[in-house]
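Written out below as structure tokens is the structure these notes cover.
These values consider heavy atoms only, across backbone and side chains, with no hydrogens, waters or symmetry-generated copies. Quick note: residue numbers are just sequence positions, from 1.
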Amino acid sequence: MSQASPEPQHRDQPPGEDELWEAVADPSRRKVLDLILAHGQATPTALAAELPFTRQAVAKHLAVLARAGLVEARRQGREVRYTIRTERLDAAARAMAHAAPVMAAAAARWDSRLDAIKRLAEASAGTSRPVSPPLTSTDAVQAGSAPEKRG
């Protein structure tokens, strides 16, 4: 029995937070957003002229940004022009502002945990006997367990 695939997202449904975080996580996509913001609107060709990657790569980044609801595409003749959806960008900024203190608190907890582990390791190293270095081939010969040579 085949597993049912998830229903496609409808145009009128807002994109989820996962799509938003995926979109803004990539520095290249943030550069694309910055350029569109600076110009007000842009085509993939114009963006590619200002970025260190191909028009095809720009188009893929724009597709991710569109799925996240951050940009909107409008056809004008033969060109597709992208603009920023400011309401979604504002929502993204609010979500990131909300996440920042949560992430900082988590980082602080990990820092204290890692410091505790470091102190335990240093204390353990001071009280335990040193570990012997691995045997070399010379040591193996002296112990009488050298591998046989094939000629």
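- Note that the CG atom of Leu33 and the CG atom of Asp26 stand 10.5 Å from one another [nearest 0.5 Å].
- Atom CZ of Arg74 has 12 or fewer heavy atoms from other residues, nucleotides or ligands within 6.0 Å.
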How far apart are the C-alpha atoms of Val24 and Leu65, what are their side-chain angles, what is the distance that settles it, and do they pass the side chain to side chain contact (heavy atoms under 4.5 Å, CB included) test?
CA-CA 8 Å; Val24 298; Leu65 292 168; 5.7 Å; no
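- Between Ala42 and Ile36, the shortest heavy-atom distance links the atoms CB-CG1, 4.3 Å.
- We find the CZ-CD distance between Arg88 and Glu19 to be 8.0 Å, quoted to the nearest 0.5 Å.
- For the atom pair CG of Leu114 and NZ of Lys118, the computed distance is 10.5 Å after rounding to the nearest 0.5 Å.
- Separation of atoms CD1 (Ile84) and CG (Asp34) is listed at 8.5 Å; rounding is to 0.5 Å.
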Residues Leu51, Val58; criterion side chain to side chain contact (heavy atoms under 4.5 Å, CB included); working and verdict: CA-CA 8 Å; Leu51 294 165; Val58 169; 4.0 Å; yes
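- Leu70 is not listed as a side-chain neighbour of Arg85, based on a closest heavy-atom distance of 4.5 Å or more.
- For the atom pair Tyr82 OH and Leu62 CG, the distance stands at 5.0 Å (nearest 0.5 Å).
- Between the CD atom in Glu79 and the CD atom in Gln41 there is a gap of 9.0 Å [rounded to 0.5 Å].
- Contact detail for Ala23 and Val64: the closest heavy-atom pair is CA-CG1, 3.9 Å.
- Of the N and O atoms on the side chains of His39 and Glu50, at least one donor lies less than 3.5 Å from an acceptor on the other residue.
- Checked by atom type, the side-chain pair Thr45/Arg55 shows a donor-acceptor distance below 3.5 Å.
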* Assess whether side chain to side chain contact (heavy atoms under 4.5 Å, CB included) is satisfied between Glu22 and Arg29, documenting all intermediate values. => CA-CA 10 Å; Glu22 176 190 354; Arg29 284 192 280 276; 4.2 Å; yes
